[in-house]
Amino acid sequence: MQFEHESRDGIDIVRLPERLMMADAADAKAQLKAILLDGRGRLILDLTRTGFMDSSGCGTLVGSLQTARKQGGDVCLFGMGNNVRALFELTKLHTIFRIFDDEEAALRAMH
Amino acid sequence: MTTSATLLTLESDPTRLGDLQSRVDALCRDAGLEAVAANEFTTAIIEAVANSIRHGYRGEPGHPITVHWRCAQDRIDIEIRDRAPPPPAGFLDHRDMPPPAAESGRGVAMILAYTDAASYARIGAENVLNLTRRL
């Protein structure tokens, strides 16, 4: 699995896949870490397509946040659907990530 | 009274979990769960099977796992069987969700949050996990 990735004004944007789960977790974590370390530690994750996430997917996102914050950066999310939103509320992940409705709002927050 | 039943079989290969997720989600919706509830119960089942693969079979592929789906008028009952060594005693007692900054440890808490009943038994050489969601 190769993430779609682009950079805008020094901010990395990654489009996450339909599912973020155990099979891809190690690879996903490594990709996000490499993007953060190659960049400025500012990452926006597009969850528009992501309809399913398990505990491994949660761990992948938390790991990327920790990597970013060690660099003095951050990870913002946007495009969250109802399934992932419910999971974030259950796991309280919504308390540690900044979550936006759309990409432009996330970009504004990162600047 | 059981109104429908389906037996799903897979090997202990994480790459099979995507197909299982699609299949189970469709069964949940067909049974009458609305989208978010279907996703929740599907998540519980995927977490349970992932635990079998990761912890039971130590990530080793090629071992059998069965998911027996039974849908009655008022509930869905799932029975997940594997032939891995038994899990630690009381593993279903880990009801508390870890802190949000934890990278792991959410699986059992998610299973319990997304089911109305969950029980485990060792029957012969098999681990048998039963999960129920009311309709």
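Below, chain A is the first sequence line, B the second, and so on; all start at residue 1.
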**Message:** Less than 4.5 Å to any heavy atom of chain A: does that hold for the side chain of B:Thr43, its backbone, both, or neither?
**Reply:** both
**Prompt:** Based on non-hydrogen pairs under 4.5 Å, which of B:Ala35, B:Ala109, B:Ala101 is most in contact with chain A?
**Reply:** B:Ala101
**Message:** Suppose we screen for salt bridge (charged side-chain N to carboxylate O under 4.0 Å, His left out). Which residues come up paired with B:Arg23, at least two apart in sequence or across chains?
**Reply:** none
**Message:** If I compare all heavy atoms of B:Ala102 with all of A:Val62, which pair ends up nearest, and what's the gap?
**Reply:** O-CG1, 3.7 Å
**Message:** As an exercise, state the distance from CE of A:Met21 to OG1 of B:Thr15, rounded to the nearest 0.5 Å.
**Reply:** 10.5 Å
**Fill in**
Given A:Thr60, A:Asn83, A:Ile96, the one with more heavy-atom pairs under 4.5 angstrom with chain B than any other is A:Asn83
**Prompt:** Quick one: what part of B:Ile46 sits under 4.5 Å from any heavy atom of chain A, side chain, backbone, both or neither?
**Reply:** side chain
**Item:** Donor-acceptor under 3.5 Å (A:Arg19 side chain, B:Gly18 main chain)
**Value:** yes
**Spatial distance of atom CG (A:Asp54) from atom CD (B:Gln21) [nearest 0.5 Å]** = 9.5 Å
**Message:** At a 4.5 Å cut-off on heavy atoms, which part of A:Leu87 comes close to chain B: side chain, backbone, both, or neither?
**Reply:** both
**Message:** Using every non-hydrogen atom in the two residues, find where B:Pro100 and A:Thr95 come nearest and quote the distance to one decimal.
**Reply:** CG-OG1, 3.6 Å
**Asked** Which residues, numbered in order, of residues 113-135 of chain B come under 4.5 angstrom of chain A by heavy-atom distance?
**Response** B:Ala113, B:Tyr114
**Request:** Check each atom of A:Glu18 against the heavy atoms of chain B and say whether the ones under 4.5 Å are side chain, backbone, both or neither.
**Result:** neither
